[in-house]
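Notes follow once the structure below has been shown.
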There are 2 protein chains.
Amino acid sequence: MASVTLKDVAKVAGVSYATVSRAVSGSPEISEDTRRRILKLCKEMGYTPNSIARSMVKRCTNILGLIVPSLNNPFMSELTADLEIYARNRGYNLMVCNSSYDHDLELEVFSLLIGRQVDGVIMIPVGHEPYESLSALTGQVPTVFISENMQNYPENYVSVDNYRGMQIATEYLYSLGHREILYFGARSDSKTHELRLDGYLSSCKKLGLEPHVLRSSYSRSSREVGYTLASDYFSRPHSETAILCAADMLAIGVKQAAYEAGIRIPKDISLMGFDNISFSALPEIDLTTINQPTQQMATSAVDMLLDHIRNPEAAHGQLILPPALIERRSCRPIKS
Amino acid sequence: MASVTLKDVAKVAGVSYATVSRAVSGSPEISEDTRRRILKLCKEMGYTPNSIARSMVKRCTNILGLIVPSLNNPFMSELTADLEIYARNRGYNLMVCNSSYDHDLELEVFSLLIGRQVDGVIMIPVGHEPYESLSALTGQVPTVFISENMQNYPENYVSVDNYRGMQIATEYLYSLGHREILYFGARSDSKTHELRLDGYLSSCKKLGLEPHVLRSSYSRSSREVGYTLASDYFSRPHSETAILCAADMLAIGVKQAAYEAGIRIPKDISLMGFDNISFSALPEIDLTTINQPTQQMATSAVDMLLDHIRNPEAAHGQLILPPALIERRSCRPIKS
DNA sequence: TAAAATAACTTAAACGTTTACAGTGTTGTT
DNA sequence: AACAACACTGTAAACGTTTAAGTTATTTTA
């Protein structure tokens with residue numbers, strides 16, 4: 001597996017290895033004749049540039065780090081796929097790390113990526129980070145967050161407008177006639193979730209509804225968490241006609257619990273999510289939800305990061321993308 | 001963002017930078033006193049070893065490449081998560097590339113990863129690869145495939161026993177009384193699929209059933225493909241009492257088509273999948289299927305790859321893991 | 001036609017580590 | 001007391017590139 005280097009090619013070509021380097025890297029200060037000759041030779045000899053050595057001298061690796069809390073959540077894995085494809089098209093590879101919804105691990109892999117000399121980091125934070133521990137890291141490498149968790153920090157981030165999204169959701173349920181809407185699965189360790197909750201609360205206020213909030217003490221919004229919380233909820237008396245979930249995965253868990261409790265959706269109770277993961281479109285799930293423009297979030301995050309790598313002195317950018325209502329059949333109108 | 005190097009630490013500590021290197025890398029030939037003193041200084045000065053430079057001289061990067069056809073498929077994304085976590089625990093980071101079910105792109109990113117000097121590659125191939133194009137690449141870097149597509153090639157691979165898995169599935173449906181079983185979504189460009197189909201065919205022969213095979217001309221087994229094929233199937237006369245799908249995602253697409261065609265599962269027709277993706281456990285999907293032991297596949301693939309990196313002369317390893325029936329409620333018994 | 005500019009190439013230093021080898025001082029052995 | 005053995009530390013080369021500076025040959029300019 002010993003690979004052929006510039007020197008090997010240079011020896012055969014009878015030129016200095018600087019010349020080979022110039023031929024390969026497309027420098028202008030070389031004649032077309034020799035370039036062609038050398039490039040042909042490179043191909044014959046099976047020369048592949050060693051990007052490690054190149055990184056060494058160029059002081060950049062063309063590698064981006066990506067930190068995600070999970071890949072089992074389709075929202076995250078679809079976002080990851082979009083990020084990887086777009087970054088690759090822009091000449092960067094992705095080093096992916098799973099933080100497993102663990103704050104400490106998140107910081108640990110961040111350090112690890114810095115040691116790896118990545119040119120930048122894209123992070124979907126687990127929750128609301130204490131700024132001190134994080135800024136020590138973001139100070140070392142250009143970073144873009146996908147989340148509003150960094151809202152009040154001087155950091156780059158892209159996000160959907162979570163606040164507005166939940167307003168849209170609440171208003172939609174109201175327009176169907178729902179007056180008692182349960183906000184399901186509020187996490188207090190995440191700015192994103194805080195904003196979603198605030199969106200709901202503000203709409204309640206505006207529409208004259210009394211807020212009903214079911215909080216979650218878990219640090220992730222998985223199907224299992226939704227199932228657990230909802231099983232408990234359904235086992236006790238409740239008056240709400242609609243459940244507005246903080247995330248689609250929660251709603252899927254709620255659906256499962258509802259099914260087991262003999263509660264039909266949307267006949268007995270309406271259900272809404274947030275994220276619009278691909279599975280929500282299945283006829284068996286058929287979940288009305290709020291769309292996050294994942295593809296646009298991915299491209300924007302990469303663009304923002306590359307801009308910041310090129311110009312580290314630039315001001316931090318915040319990009320808030322518009323959410324959209326995706327109407328399916330998990331909600332039904334109420335006659336009051 | 002200029003980082004502090006060995007030299008900087010050495011200057012402050014008043015020692016040669018070889019000594020610092022030894023302190024950091026845990027070499028035995030250094031006194032405990034100086035080690036402690038230097039390590040403390042490193043921490044104070046915020047020294048992070050440059051793994052690029054280390055890779056340069058050590059001739060290994062501790063990076064593994066991973067090539068997956070897609071991350072939108074939960075089977076792949078869960079596998080990816082397991083691979084990443086396990087590899088990281090063994091000291092390796094993962095560079096993930098999406099081949100988007102594209103044969104040419106698959107080879108392209110493989111070359112790219114080789115240029116990146118990854119120590120090894122794990123690949124979930126799109127389908128049955130022509131050996132010539134691939135061996136030129138696998139000859140350059142230790143590689144492990146997760147798939148039986150490489151069965152007759154001298155390559156490392158781990159896989160579930162696809163043949164046996166489909167036998168189990170067919171026998172199960174037979175035991176429920178099904179005598180006309182449609183094998184759905186057979187791909188001819190994949191050894192894995194070929195083995196699954198062969199498993200079905202062998203069971204048919206053994207049980208005295210006439211095989212019914214619906215072939216797919218698509219190179220991926222997605223929900224969309226399942227939906228498209230099934231919509232067509234349901235629109236025409238059919239006599240089968242059970243559909244055995246080549247993959248869970250196909251079955252989910254079939255379910256959607258059945259729903260739209262007014263066909264109830266399992267009342268009107270039984271449905272089975274293969275893979276046991278997490279969504280198949282949802283009560284709304286509730287798909288009887290064959291389990292692939294993803295976690296074990298992930299750890300075995302990493303172990304196999306690291307073994308092969310350490311000992312490149314070792315014989316190629318093939319690991320076939322046992323499948324298991326996961327009984328849910330998408331199949332019902334038939335009275336004949 | 002001589003000087004200046006340009007083109008094409010070579011030389012050598014640099015990037016930040018690791019490590020073989022050499023050097024120094026201390027301890028142990030006889 | 002002399003020498004070997006040992007523990008520690010320093011020196012310098014190496015890894016495979018890029019690129020500034022230097023060299024030579026050729027072309028342009030006045």
Side-chain angles (χ1 to χ4, degrees), chain A residues 1-39 41-42 45-63 91 112 114-119 140-141, chain B residues 1-39 41-42 45-63 91 112 114-119 140-141:
Chain A
M1 311 234 170
S3 47
V4 19
T5 72
L6 276 190
K7 254 178 195 156
D8 300 328
V9 179
K11 203 171 290 173
V12 177
V15 296
S16 77
Y17 54 91
T19 304
V20 181
S21 169
R22 278 192 263 264
V24 172
S25 60
S27 155
E29 38 184 85
I30 186 175
S31 73
E32 268 312 310
D33 275 6
T34 30
R35 153 162 297 142
R36 255 194 299 276
R37 188 167 64 88
I38 289 174
L39 251 37
L41 196 59
C42 284
M45 300 179 65
Y47 167 72
T48 323
N50 182 326
S51 59
I52 294 291
R54 178 177 290 177
S55 297
M56 189 83 230
V57 28
K58 285 223 160 185
R59 318 191 60 63
C60 72
T61 53
N62 278 41
I63 298 175
L112 201 141
I114 290 173
R116 287 278 187 199
Q117 313 297 119
V118 297
D119 292 342
Q140 292 181 63
V141 65
Chain B
M1 313 240 166
S3 46
V4 19
T5 72
L6 276 189
K7 256 179 193 156
D8 300 326
V9 179
K11 204 171 287 173
V12 177
V15 296
S16 76
Y17 55 93
T19 304
V20 182
S21 168
R22 280 191 265 260
V24 172
S25 60
S27 155
E29 38 183 80
I30 187 175
S31 74
E32 268 312 310
D33 275 5
T34 32
R35 155 163 297 143
R36 255 195 298 275
R37 189 167 63 88
I38 288 174
L39 251 36
L41 197 60
C42 283
M45 300 179 65
Y47 167 72
T48 324
N50 183 325
S51 59
I52 294 292
R54 178 176 290 177
S55 297
M56 189 84 231
V57 30
K58 285 221 157 183
R59 319 190 60 64
C60 71
T61 53
N62 279 43
I63 298 175
L112 201 141
I114 290 173
R116 287 277 187 199
Q117 313 298 120
V118 297
D119 291 342
Q140 292 181 63
V141 66

For [X], all residues meeting salt bridge (Lys or Arg N to Asp or Glu O under 4.0 Å), sequence neighbours excluded:
X: B:R59; value: none
X: B:R54; value: none
X: B:R37; value: none
X: A:E29; value: A:R22

Checklist outcome for this item: Rounded to 10°, the helix from C:dT1-D:dA30 to C:dT30-D:dA1 deviates from straight, judged by its five-pair end axes, by 50°
Next on the checklist: Tell me the closest heavy-atom pair linking B:C42 and B:V24, and the distance in Å.
Outcome noted: SG-CG2, 4.0 Å
Item to check | Heavy-atom pair of closest approach, residues B:Y47 and B:V4 | outcome: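 Nearest heavy atoms, B:Y47 then B:V4: CD1-O, 3.1 Å.
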Checklist entry - Is the closest side-chain heavy-atom distance between A:R116 and A:T61 below 4.5 Å? => result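 Contact flag for A:R116/A:T61 side chains = no.
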Checklist entry - So, do B:D33 and B:R36 sit near enough that their side-chain heavy atoms are less than 4.5 Å apart? => result yes
Checklist entry - When all nucleic acid strands are considered with a 4.0 Å heavy-atom cut-off, which category describes B:T34: base, sugar-phosphate, or nothing? => result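 Sugar-phosphate, no base atom in range.
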Item to check | Length of the CG-C1' vector between B:D33 and D:dT9, whole Å | outcome: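 Spelled out: CG on B:D33 to C1' on D:dT9 is 14 Å.
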Checklist entry - Just by protein heavy atoms under 4.0 Å, how would nucleotides 14-21 of chain D read 5' to 3' in B, S and -? => result -BBBBB--
